[in-house]
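Predicted model only: the values in this text are computed from it and were never measured. Here is the naming used below: chain letters follow the sequence lines, and residue numbers restart at 1 for every chain.
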Number of protein chains: 4
Amino acid sequence: MDATSPRRPHTGRRRSDAAREAILDATFRLLSSPASDAVTIDAIASAAGVGRQTIYRWWPTKGAVVADALARHARAVVPERHTGTFTTDLQAFLIDSFAGLQDPAFASRLRQIVSAAQQDEHVARVLTDFTAVRRAALRALLQRGQDAGDLGPDADLDMLVDMAYGVLYYRLLVGHAALDESAARSLATELARSGR
Amino acid sequence: MDATSPRRPHTGRRRSDAAREAILDATFRLLSSPASDAVTIDAIASAAGVGRQTIYRWWPTKGAVVADALARHARAVVPERHTGTFTTDLQAFLIDSFAGLQDPAFASRLRQIVSAAQQDEHVARVLTDFTAVRRAALRALLQRGQDAGDLGPDADLDMLVDMAYGVLYYRLLVGHAALDESAARSLATELARSGR
Amino acid sequence: MDATSPRRPHTGRRRSDAAREAILDATFRLLSSPASDAVTIDAIASAAGVGRQTIYRWWPTKGAVVADALARHARAVVPERHTGTFTTDLQAFLIDSFAGLQDPAFASRLRQIVSAAQQDEHVARVLTDFTAVRRAALRALLQRGQDAGDLGPDADLDMLVDMAYGVLYYRLLVGHAALDESAARSLATELARSGR
Amino acid sequence: MDATSPRRPHTGRRRSDAAREAILDATFRLLSSPASDAVTIDAIASAAGVGRQTIYRWWPTKGAVVADALARHARAVVPERHTGTFTTDLQAFLIDSFAGLQDPAFASRLRQIVSAAQQDEHVARVLTDFTAVRRAALRALLQRGQDAGDLGPDADLDMLVDMAYGVLYYRLLVGHAALDESAARSLATELARSGR
DNA sequence: ACCTAATCGAGACGGTACGTCACGTCTTCGT
DNA sequence: ACGAAGACGTGACGTACCGTCTCGATTAGGT
């Protein structure tokens, strides 16, 4: 007998996971449309075949739903390849990262999440988590490079990571320059030179 | 007469410029508040002592008003100092740039402009112009460094510029790391090493 | 084994009379509050400490619950006194009837039952039964008067009854005039004169 | 010049009388349907070709709209005929009053207004006003009868009025007896006898 | 002493109406 | 003829109840 367990952990009907999934799927689908004002509670509810109240029962805010919908797809692959040398690994990482943004739906969602994060704390947290995973992956890659002597011992790896992702977000959001393979190569070159 | 006073004394006809100023001032003031949903057409109109229609007569969209209101303050100084050496110039530039974001109102406005730019083309254009000026300033600084031999001849200056501002925007928008003087110094170090 | 009953008499848990009582009590209590929108299925259920489904299992409609809750209290005394003369009996009857409405809870319930009866057939039936009992009592009183010669032989007793209760309901529902003792006396006078 | 008049009586677009009429007409039309839950703000708005907000701009509550919609039809004829003798005038008045309720739509609306008046103060006021006009008409008729000696000098005319209308409302709301011509005649007889 | 089945409190479900807010358009009147 | 005031139609928002549908727990026969 566990004294800390409540006597009655739950009564009543259980939360419908089908509804939860449907809501998050519908939200994600709507987020992929370029029109950012398509994401309406009504639209989500009717696309999910769900009552509006069911959404409000579980999420305090539209932003929170959006955040959850994005978070469950954030597990998506962080491109991580071990091709052999540090330089090619870094290049591959950046090329893959940039390439992902060629999908207009993904670029649109990423722009929307950054935008929404400025107004909604739930989305902000998702953005923080989302980016942290990617930063950690890149940092591990750089760490391996440093351990192998490809980067100098006094290189500020965290700053290098932010320089890399900074270029990605800066160009994504301002749109003044391309995020193509050649940009990825050039960025890789500068980063590798930097930490040396 | 105080141009910054919130209440514009009632004027008759032919004072359209006064109304225009009042609208842009009010919009800018509202943009400086941390609450991003404070910027309402109604709020602007009543803060400016202006009819709503007067706003719509001159601007097609709320975003356009916001864009204009931001643009007129975008002339703000780009920190440019010639302290002698490339390294100290670059450090000073970045320190000054980061320092500007310590003002919460400025940081808030910058976040809002990036956010709004994702949904409104007028704001997007303002953001592009705003950042272009700063990129040009930094690029000129780097160019002087390259000319002086502080940066290698094959350094991709545009990429270095984006790496610098990328860090600034990335941290501003995601908020995972500080934008303080020590960060500026570290960034300057990595950038200088990179282009060498 | 009972050959005549084709099916099992009953299996499983029996209906909880405690729940039934609690529901009707709670409903009656809520009906006594002046706020007519206080009578909610949720409010009844939680006031009775009962699940909502338990209500719906036994009553088809909120109106039916209300009807039942009212019906069990409808047995309340019909003021019937034999003071001796017809005139004083009639006066006493009307004074008592009017006096009952001085209780705000009773007046509120009576108003609500009339109101609800217009939309719900269950309540309508209860109202019909409730009033029929009272009409019968008053009619018997008048009949005694007619038999004793206090009312003429051609007096329409049913109409006189409706004239008496009509005043009560009309003033209760419209609220343009008081239902006090003096009104009761005046009404008794006019009624007695009428049937003569 | 009137010192009490405001300096600026009105600016801006004027209230649309067409919208007002359309709203009240649509509400009245919906009220005439037997289903009392047909009267929805949405239904009113769309039947009137009007935005929902336009309704809320001018009426605080659905009940207030309903009240107004009913009030504008309350001017409907109060049956007043001078046929010569008091007895026939009274009979005609009551016969006409009862006859009006043969129209199911009118009876339904009257039931709904009494019902709604118990929950909404706006409707209550309309009901009070509506009935006051009719009471006044009947009272004037009785007054003429009293002046002519058809009713005794000590008859309580207000009570007689309430006895008459009381029968009408009581039977309308409880439904236990008919409101036909024969009832009107019998009521007239009893009333005339009463006041004598 | 089980087994079966109906009821219990609890509470989530898909809906519908509510009343509020902001939008962008359209009158009206005063200057 | 411009500008403030403000009403207009529209549509999303978040809340309150509705009546239905699960849950695990409880309770009363029948075996």
At under 4.0 Å, does any side-chain N or O of D:W59 touch on OP1 or OP2 of E:dC18?
-> no
Is any side-chain nitrogen or oxygen of B:K62 closer than 4.0 Å to OP1 or OP2 of E:dC23?
-> yes
Rounded to whole angstroms, how far apart are CD1 on C:I55 and C1' on F:dC21?
-> 16 Å
Short side-chain N/O contact to E:dG30 OP1/OP2 from D:T11, under 4.0 Å = no
The residue, C:A19 or D:Y56, whose nearest nucleotide of DNA chain E is more 5′ is C:A19
Does the side chain of A:R13 get closer than 4.0 angstrom to OP1 or OP2 of F:dT22 through an N or O atom?
-> yes
Take the protein atom CZ of B:R20 and the nucleotide atom C1' of F:dC2, then report the distance between them rounded to whole Å.
-> 17 Å
Geometric cation-pi criterion D:R15 and D:W59, 6.0 Å radius, 45° cone | yes
Which residues pass the side chain to side chain donor-acceptor pair (under 3.5 Å) test with B:S108, sequence neighbours left out?
-> B:Q112
Side chain to side chain donor-acceptor pair (under 3.5 Å) with B:Q53: which residues, sequence neighbours excluded?
-> none
How would you list, by chain and number, every residue that makes a side chain to side chain donor-acceptor pair (under 3.5 Å) with A:D129, sequence neighbours excluded?
-> none
Hey, which sits more toward the 5' end of DNA chain F by its nearest nucleotide, C:P60 or D:R15?
-> D:R15
Side chains of residues 117-125 of chain C: which donor-acceptor pairs under 3.5 Å do they make with residues two or more places apart or in other chains?
{"residue": "C:Q118", "atom": "NE2", "partner": "C:V114", "partner atom": "O", "Å": "3.0"}
{"residue": "C:Q118", "atom": "NE2", "partner": "D:L173", "partner atom": "O", "Å": "3.1"}
{"residue": "C:Q119", "atom": "NE2", "partner": "D:S115", "partner atom": "OG", "Å": "3.4"}
{"residue": "C:D120", "atom": "OD1", "partner": "C:H122", "partner atom": "N", "Å": "2.7"}
{"residue": "C:D120", "atom": "OD1", "partner": "C:H122", "partner atom": "ND1", "Å": "3.1"}
{"residue": "C:D120", "atom": "OD1", "partner": "C:V123", "partner atom": "N", "Å": "3.2"}

Presence of A:R57 side-chain N/O under 4.0 Å of E:dC13 phosphate oxygens OP1/OP2 | yes
Taking CD1 from C:I23 and C1' from E:dG9, how many angstroms apart are they, rounded to a whole number?
-> 11 Å
Strand-adjacent residues in residues 37-53 of chain D, judged by heavy atoms under 4.0 Å from DNA chain E = D:T40, D:I41, D:D42, D:R52, D:Q53
What pairs of donor and acceptor atoms, side-chain ones from residues 28-45 of chain C against any protein atom, are under 3.5 angstrom apart with sequence neighbours left out?
{"residue": "C:S32", "atom": "OG", "partner": "C:F28", "partner atom": "O", "Å": "2.9"}
{"residue": "C:S32", "atom": "OG", "partner": "C:R109", "partner atom": "NH1", "Å": "2.6"}
{"residue": "C:S33", "atom": "OG", "partner": "C:A35", "partner atom": "N", "Å": "3.2"}
{"residue": "C:S33", "atom": "OG", "partner": "C:A35", "partner atom": "O", "Å": "3.2"}
{"residue": "C:D42", "atom": "OD1", "partner": "C:R52", "partner atom": "NH1", "Å": "2.5"}

If you check the B:T54 side chain, which of F:dA4, E:dT27, F:dC21 turns out closest?
-> F:dA4
Interatomic distance, CD1@C:I55 vs CD1@C:I23, rounded to 0.5 Å, equals 5.0 Å
Give a yes/no answer on whether the side chain of C:W58 brings an N or O atom under 4.0 Å of OP1 or OP2 in E:dC8.
-> yes
5'-most contact on DNA chain F: D:D17 or D:G12, nearest heavy atom basis?
-> D:G12
Nearest to the side chain of A:R14, which nucleotide is it out of E:dC13, F:dA28, F:dG24?
-> F:dG24
